[in-house]
Amino acid sequence: MHDIRFIRETPEAFDRALSRRGLSPLSSQILALDADRRARILAAETAQADQNKASKDVGAAKARGDDAEFERLRALVAEKKAEIARMQAEAAALDDQLRDLLMGIPNLPLDEVPDGADENANVEIRRWGTPRQMDFAPREHFDIPAMAGAMDFATAAKLSGSRFVVLKGAAIRLHRALAQFMLDTHISEHGLQEVWTPVLVKPEAMYGTNQLPKFAEDSYQTTNGWWLIPTSEVTLTNIAAGEILEETALPIRMTAHTQCFRSEAGSAGKDTTGMLRQHQFEKVEMVTLCTPETALAEHDRMTACAEAILQKLGLPYRTIVLCTGDMGFGAQKTHDLEVWLPGQKRYREISSVSTCGQFQARRMNGRYRPATGKPDFIATLNGSGLAVGRCLIAVLENGQQADGSVVLPPVLSSYMGGATHITADGRLGA
RNA sequence: GGAGAGGUGGCGGAGUGGUCGAUCGCGCCGGUCUCGAAAACCGGAGUGCCUGCAAGGGUACCGUGGGUUCGAAUCCCACCCUCUCCGCCA
């Protein structure tokens, strides 16, 4: 959510930033509403002050036994009561209106973010690794012989429908190994703190990390009102909701491995084969809570944490900066990591690392106490480190051999019972 | 699920209709004392919003939402959460 003071003080800067996102100016509408709101608050509070004063006088009159004055003041207050209630309701309504309006406006891009309308304007900032030369036609993950029977979409469709998978044998062993490997690396080498969280949350949490109110159709809600998290960014970030953290406790760098649930409402027909885009998937997420001044440095640090996973797995990737038109709702700046998928012959997103500045913290009222001065909103960052299913795909496609087997990244062998490859008929081999 | 107890400021814990935003203790910050520290003593300190150049003033907040009352932390209703015991259960 945006700081109304920032909009009041620099409406042009606000509108300019919106236009970089392809949005029309909103400051005049916001400021008109804000002015109206403040006028009503002033009126309502003044009326309330009058009532409070009269109530005190009532008490004083009674105490000294002045019955006439007592009755007179009592009647006066009773008379004003409905009017005051109405004024307060009006003020509260305008307050809510302004909040709702602000809640629906995306974050503003940082100056350094490249302008652009869509993904074509994203800027590659570095590339790591070289796609392996294959002297055969590389297959997509679901066609690799080593995965035959281990990646079962038909059974999943019977159980749940499209965009689900049943994993068996080497596929799920490798999937589990990847998640463990990511967590262990983040904990022991990157200094992140592992956290386990619920995957069912209250609506407030979804508002806090801006899934609500605009993107309700992208997530699932239970019959009693809980939401299934689309990412553990929701739970990890909302840990700070309503809190005032000590500055000395920052930064707080967390990681969690959870199930994620997405309706994929807007992606009908996109990535329908294989397990690239599922309703239910696993992700190792990273979230950092820090001071606003350190957010950009933390952003680079988090990006490096995600890149380290790909490097250790030996997977070629490129890092891009999303342009203003391609960034998510809550982001000020986003790095995407795209891993090379030989089966598709292209780079595909495997991680997205964003700094949200104080945008989410303002929504969830997450603050810290600076060494001097008043509490201020923290900065929040989130990033995948990594999407486990997509990483499984990348390992399989990049490690595939002409004979249908898959050579595994050496760093995984200790997580795979010493296996170094998956044979063409789906067994682990050393 | 049943029965009971309880949710007050960083923590503990008073307060059961009126100068209570709230006694007190611990912790915290500043000062005195000291070579320095501890102890002791003195002083300070919640959060949001509105208003004001500022000093300040106003308003709201005692789990949440309603209600009663001129007036609610205090009374009533509903809900949420925590704890204890019982039942059930991975």
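Here is how names work: the chains are called A, B, and so on, in the same order as the sequence lines, proteins then strands, and each is numbered from 1.
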- Any chance you could lay out the side-chain hydrogen bond (donor to acceptor under 3.5 Å, both in side chains) test for A/Thr235 and A/Ser232, step after step, and finish with the verdict? CA-CA 5 Å; A/Thr235 44; A/Ser232 49; 5.1 Å; no
Tell me what [X] touches on the nucleic acid: a base, only sugar-phosphate, or nothing, going by heavy atoms under 4.0 Å.
X       : value
A/Val77 : sugar-phosphate
A/Ala49 : sugar-phosphate
A/Ile41 : sugar-phosphate

Using the [atom1] atom on both, measure [N] against [M] and round to a whole Å.
N      : M      : atom1 : result
B/rU64 : B/rG52 : P     : 30 Å
B/rU51 : B/rA55 : P     : 16 Å
B/rA3  : B/rC76 : C1'   : 23 Å
B/rG57 : B/rA22 : P     : 13 Å
B/rG17 : B/rA72 : C1'   : 7 Å
B/rC62 : B/rU8  : P     : 12 Å
B/rU32 : B/rA39 : C1'   : 13 Å
B/rG6  : B/rG15 : P     : 12 Å

OP1, OP2 of [N] versus side-chain N and O of [X]: anything below 4.0 Å?
X        : N      : answer
A/Asn52  : B/rA60 : yes
A/Arg37  : B/rC50 : yes
A/Lys374 : B/rU47 : yes
A/Arg74  : B/rU69 : no
A/Arg38  : B/rU51 : yes
A/Arg5   : B/rG48 : no
A/Gln51  : B/rC70 : no
A/Arg72  : B/rC70 : no

- Hey, which of these two, A/Leu42 or A/Ala78, hits RNA chain B nearer its 5' end, going by closest nucleotide?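 By nearest-heavy-atom nucleotide position, the 5'-most residue is A/Leu42.
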- Would you mind telling me which residue lines up with the more 5' stretch of RNA chain B, A/Lys81 or A/Asn365, judged by nearest nucleotide?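 This one resolves to A/Asn365.
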Donor-acceptor contact below 3.5 Å, side chain [X] vs main chain [Y]:
X        : Y        : result
A/Glu194 : A/Leu192 : no
A/Arg390 : A/Val339 : no
A/Glu397 : A/His141 : yes
A/Arg363 : A/Met103 : yes
A/Thr324 : A/Arg21  : no

Could you identify the nucleotide paired to [N], looking across every strand shown and requiring Watson-Crick or G-U wobble geometry with both distances under 3.5 Å?
N      : value
B/rA72 : none
B/rA55 : none
B/rG27 : none
B/rU16 : none
B/rA22 : none
B/rG65 : B/rC77
B/rC85 : B/rG2
B/rA38 : none

Mind calculating the distance between [atom1] ([X]) and [atom2] ([N]) to the nearest angstrom?
X        : N      : atom1 : atom2 : answer
A/Arg8   : B/rU51 : CZ    : P     : 7 Å
A/Asp376 : B/rU47 : CG    : P     : 13 Å
A/Ile84  : B/rU59 : CD1   : P     : 11 Å
A/Arg369 : B/rG46 : CZ    : P     : 10 Å
A/Glu246 : B/rG27 : CD    : P     : 17 Å
A/Met1   : B/rG48 : CE    : P     : 13 Å
A/Asp50  : B/rC50 : CG    : C1'   : 15 Å
A/Lys53  : B/rG57 : NZ    : C1'   : 15 Å

Give the nucleotide from the list [options] with an atom nearest to the side chain of [X].
X        : options                : value
A/Arg367 : B/rG48, B/rG58, B/rC70 : B/rG48
A/Glu45  : B/rU47, B/rC49, B/rG18 : B/rC49
A/Gln48  : B/rU47, B/rG58, B/rA60 : B/rA60

- Message: Below 30° counts as parallel, above 60° as perpendicular, anything between as tilted: where do the rings of A/Phe181 and A/Tyr415 land?
- Response: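 Perpendicular, since the angle between the ring planes exceeds 60°.
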- Message: I'd like to know whether CG of A/Asp111 has more than 12 heavy-atom contacts from other residues, nucleotides or ligands below 6.0 angstrom.
- Response: no
